[in-house]
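Each residue takes its place number in the sequence, starting with 1. In listed order, ligands and their atoms are each counted from 1.
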Amino acid sequence: MKPLIRSVKGVHDVLPDQAAVFAKIERQCIDCFARSGYEEIRLPVLEHMDLFVRSIGGASDIVQKEMFNFEDKRGDILALRPEGTASCARAVIEHSLTATSCRLWYRGVFFRRERPQKGRQRQFHQFGVEVFGIPDVAIEAEVIALTALLWKRLGLNGLKLKINTLGDEKTRRLYCEELVAWLRPRSNHLDADSLRRLDSNPLRILDSKDPGTLELLRQAPTISGFMDAESRRQFEQLRGMLTDAGLVFESDPLLVRGLDYYSGMVFEWSGAGDGAQSAVCAGGRYDGLVERLGGRPTPAVGCAFGIERISQLPDIMEPPENFADIYFIAAGTSAMAESHRLAFRLREQLPDLHIVVDCLGRSFKSQMRRADKANARLAVILGENEIKRNVVAVRDMRKSNEQVNVPYEKLSSYVAEAVVS
Ligand code: HAM
């Protein structure tokens, strides 16, 4: 036997059961956002690597360690997208989409070369929303409230919301200086990653999950002590709006997020557990990004959620059961061909029905077993005898012994009536 070729490490197949849950989640996402004025945008998987360096930041973990990038034959350095916000901002600039304002949603696969573990893949699925051109705090509340509505629709009750504000640029600069000055004399208590970030990206130290670093951070100065008056006012307004919307949340001064483009409000929804993988949805305001990518100054806010992480939450809805309205069962090659012909016609005539043709053949008994497994409502049975008489035998699977012969030309009306009743 030839050696097996397996899937790439951390890159998984989504098998039919899981794909059915993904599809259900995505349908709710689309419905929830489309009904609130958001429009779909489809973004490429491949981008110039520089897009992510400029937006997420050269010192971020994603750019430093996690990007799948390569040089193509022309010498361009390309990357598989690690997230969608940068691509969305690029597309908005490239196609001048913000004449007034735009609310967008997207979904797809994303790639990060992280250490694979439960809830962390190298290829994963995100659903994201991005709003460009609206400076008002109300849009921040809208994005957060819509995610809360989505959890409700998906039956998720235990998710916790944390919010914070990173203030304006001056706030972040002053705070970073103070944080570094405070941490440096205590650097022997920092984990290796945080030690490295002391010079390259000090704000990210607040994101550490290392117990020793976390203990130290509990005593460190917080960003709230440096907050500018306008950011403080906007944050208070946001808290008020979220409370009015009936949302329960915690203000967490350690919440900073790992991508450099954030400015102002940031938020995160997480499930049980403390690890980084407990985060299911995250986002915030990123007013400087469009300008940083060569566009006009444009306020922006958005968030993204990981479909794998949501699908693994304990109270997510059950995968939908297999279901077929009509299950064709055929004995012999010509009956199989005839089943396909009738099924094609039925699909045209009754487009709302689930119609399955058993293509495995084998015995009548094993086909009936598969019809049962597919939760079929009606079994439509064909053999040489039926073909000769231009009829099918229809069995109501809920009344196991009842079977009637139906002429080909009456099949559509018979089925339509039987399935509704
Ligand atoms: P992020 O926090 O990097 O933000 O990712 C958002 C979500 O994607 C996470 O909360 C998680 O559910 C999922 N996720 C991230 N990495 C992985 C992974 N390796 N395996 C499985 N799931 C993962 C962003 O991507 C920002 N673009 C969010 C945003 C949109 N901010 C503003 N607009």
What I want to know is whether [X] and ligand 1 share at least one N or O pair that is separated by under 3.5 angstrom.
X	value
Ala279	yes
Tyr262	yes
Tyr261	yes
Phe305	no
Val280	yes
Arg112	yes
Cys303	yes
Glu83	yes

Side chain, backbone, both or neither: which part of [X] has a heavy atom under 4.0 Å from ligand 1?
X	result
Ile62	neither
Gln121	both
Pro82	neither
Arg309	side chain

What are the atoms of ligand 1, with element, lying closer than 4.0 Å to any heavy atom of [X]?
X	answer
Ala304	6 (C), 7 (C), 28 (C), 29 (C), 30 (C)
Gly302	30 (C), 31 (N), 32 (C), 33 (N)
Arg120	19 (N), 20 (N)
Ala282	2 (O), 28 (C), 29 (C)
Gly283	31 (N)
Leu259	4 (O), 24 (C), 26 (C)

Open item on the list: Taking the ring of Phe110 and the ring of His125, is the distance between their centroids below 6.0 Å?
Closed with: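 Not under 6.0 Å, so no.
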Open item on the list: Before we go on, tell me: are the rings of Phe249 and Trp269 under 6.0 Å apart, centre to centre?
Closed with: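 No - the distance between ring centres of Phe249 and Trp269 does not fall below the 6.0 Å cut-off.
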For [atom], what is the closest protein heavy atom, and at what distance to 0.1 Å?
atom	result
atom 13 (C) of ligand 1	Gly306 CA, 3.6 Å
atom 5 (O) of ligand 1	Gln126 NE2, 3.2 Å
atom 4 (O) of ligand 1	Arg257 NH2, 3.1 Å
atom 19 (N) of ligand 1	Glu114 OE2, 2.6 Å

Task: Distance-only polar pair, side chains of Ser251 and Arg239, donor-acceptor under 3.5 Å - done: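 The criterion, which ignores hydrogens and geometry beyond distance, is satisfied for Arg239 and Ser251.
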Open item on the list: Under a plain distance cut-off of 3.5 Å, with no hydrogens placed, do Asp168 and Ser231 share a side-chain donor-acceptor pair?
Closed with: no
TODO: Over all heavy atoms of both residues, which pair between Arg309 and Ala279 is shortest? Give the atoms and the distance, please.
DONE: NH1-O, 2.8 Å
TODO: State, to 0.1 Å, how close Phe267 and Val143 come at their nearest heavy-atom pair, and which atoms those are.
DONE: CZ-CG1, 4.2 Å
Open item on the list: Run Asp358 and Arg370 through salt bridge (charged side-chain N to carboxylate O under 4.0 Å, His left out) and show every step you take.
Closed with: CA-CA 8 Å; Asp358 188 298; Arg370 285 196 293 274; 2.8 Å; yes
Task: Nearest neighbour of atom 33 (N) of ligand 1 from the list Glu130, Arg113, Arg115, on a heavy-atom basis - done: Glu130
TODO: Report the member of Phe127, Phe124, Trp269, Phe110 with the shortest heavy-atom distance to atom 14 (N) of ligand 1.
DONE: Phe124
Open item on the list: Under the criterion salt bridge (charged side-chain N to carboxylate O under 4.0 Å, His left out), I'd like the reasoning laid out for Arg42 against Glu40: C-alpha separation, chi angles, the key distance, then a yes or no.
Closed with: CA-CA 7 Å; Arg42 296 197 183 209; Glu40 181 179 12; 2.9 Å; yes
Open item on the list: Taking the six-membered ring of Phe344 as reference, does the cationic atom of Arg347 (NZ for Lys, CZ for Arg) lie under 6.0 Å from its centre and within 45° of its axis?
Closed with: yes
Task: Axial cation check for Trp182 ring with Arg186, 6.0 Å and 45° limits - done: yes
TODO: Could you tell me whether the side chain of Arg285 reaches within less than 4.5 Å of the side chain of Tyr262, counting heavy atoms only?
DONE: no
Open item on the list: With ring pair (Phe, Tyr, Trp, His ring centres under 6.0 Å) as the test, pick out the partner of Tyr38 among Trp105, Phe33, Tyr106.
Closed with: Phe33
Task: ligand 1 contact by Gly128, heavy-atom criterion under 4.0 angstrom - done: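 Checking ligand 1 against Gly128, which is what was asked, there is no heavy-atom contact under 4.0 Å.
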- [ ] Give the ring-plane orientation class for Phe68 versus Phe111, where under 30° counts as parallel, over 60° as perpendicular and anything between as tilted.
- [x]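 Rings of Phe68 and Phe111: perpendicular, over 60°.
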Open item on the list: I'd like to know if Glu230 pairs up with Arg232 as an ion pair, taking the criterion as any Lys NZ or Arg NE/NH1/NH2 lying under 4.0 Å from an Asp or Glu carboxylate oxygen.
Closed with: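 So Glu230 does not pair with Arg232 through a salt bridge.
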Open item on the list: Would you say NE2 of His48 has more than 12 non-hydrogen atoms from neighbouring residues, nucleotides or ligands within 6.0 angstrom?
Closed with: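 It does not: His48 NE2 has 12 such atoms or fewer within range.
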